Amino acid sequence: MGRARLPVAAARRPRRIEAQALLSPFDSLIWSRERTERLFGFRYRIEIYTPAARRVHGYYVLPFLLGDALVARVDLKADRAAGALLVRGSFATPGAPPGVAAPLAAELLTMAAWLGLDTVSVMPNGDLAPALAAGLRSA
């Protein structure tokens, strides 16, 4: 994959980027894994076909974009019978700013509503799990 280039004279950097989104493994922002790692310092691999014992972050992991950085990742499962979005693992990206859990909790609630699920349930797996569970309780 080629390098990303922009002539310096044409470059304009916004004062602030207010993005917030859970990204599908097939989102164009992370489709090219090498480019994502180069631009964001975020190593992402799909682990669906990796044996469970060798998975690092989980089965179906979605990166979380906040501002101009990929700050976390969550392993999600929709449990339609229970009406719950299960967060089977939640991990902060090394060097992520504090306070990532609150906007991630808001985004998970939005996703649950979009899927027609009533609750979001956080399993105690990953370094972000306690703060995320607390963020969901206070949301």
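Only this structure's heavy atoms are used, side chains among them; waters, hydrogens and symmetry mates stay out. These numbers come from a predicted model, not from an experiment.
The shortest heavy-atom contact between Thr93 and Ala72 is OG1-N, 3.2 Å.
Sorted by first then second residue, the ring-ring contact (aromatic ring centres under 6.0 Å, His included) pairs that include residues 116-139, not counting sequence neighbours, number zero. Within the structure, ring-ring contact (aromatic ring centres under 6.0 Å, His included) pairs that include any residue of residues 22-47 do not occur (at least two apart or interchain). Here side-chain hydrogen bond (donor to acceptor under 3.5 Å, both in side chains) pairs that include residues 99-108, with residues two or more places apart or in two chains, are Gln20-Glu107. Within the structure, the ring-ring contact (aromatic ring centres under 6.0 Å, His included) test picks out no pair touching residues 94-127 (sequence neighbours left out). The ring-ring contact (aromatic ring centres under 6.0 Å, His included) analysis of residues 58-90, with sequence neighbours excluded, yields no pairs.
Arg45 CZ to Glu37 CD: the interatomic distance, rounded to the nearest 0.5 Å, is 5.5 Å. Rounding to the nearest 0.5 Å places CG of Leu76 at 6.0 Å from CG of Leu108. Atom CG of Leu62 sits about 13.0 Å away from atom OG of Ser90, to the nearest 0.5 Å. To the nearest 0.5 Å, atoms CG (Leu117) and CG (Leu109) are separated by 11.0 Å.
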Which donor-acceptor pairs under 3.5 Å do the side chains of residues 118-139 make with protein atoms, sequence neighbours left out?
residue	atom	partner	partner atom	Å
Asn125	ND2	Arg88	O	3.2
Asp127	OD1	Ala92	N	3.0
Ser138	OG	Ala134	O	3.4
Ser138	OG	Gly135	O	3.2

Could you tabulate the donor-acceptor pairs under 3.5 Å formed by side-chain atoms of residues 78-86, not counting sequence neighbours?
residue	atom	partner	partner atom	Å
Asp79	OD1	Ala81	N	3.4
Asp79	OD1	Ala82	N	3.2
Arg80	NH1	Leu115	O	3.0

Under 3.5 Å, side-chain donor or acceptor atoms of residues 51-58 against the rest of the protein: list the pairs with distances, not counting sequence neighbours.
residue	atom	partner	partner atom	Å
Arg55	NE	Glu47	O	3.1
Arg55	NE	Thr50	O	2.9
Arg55	NH2	Thr50	O	3.1

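Following chains of ILVMFWY side-chain contacts shorter than 4.5 Å, one cannot reach Ile46 starting from Phe91, and the two form parts of different hydrophobic clusters. Residues Val74 and Leu65 fall within the same hydrophobic cluster, defined by Ile, Leu, Val, Met, Phe, Trp and Tyr side chains chained together at heavy-atom separations under 4.5 Å.
Remark: Arg33 pairs with no residue by the salt bridge (charged side-chain N to carboxylate O under 4.0 Å, His left out) rule, at least two apart or across chains. Under the side chain to side chain contact (heavy atoms under 4.5 Å, CB included) criterion, Tyr49 pairs with no residue, sequence neighbours left out.
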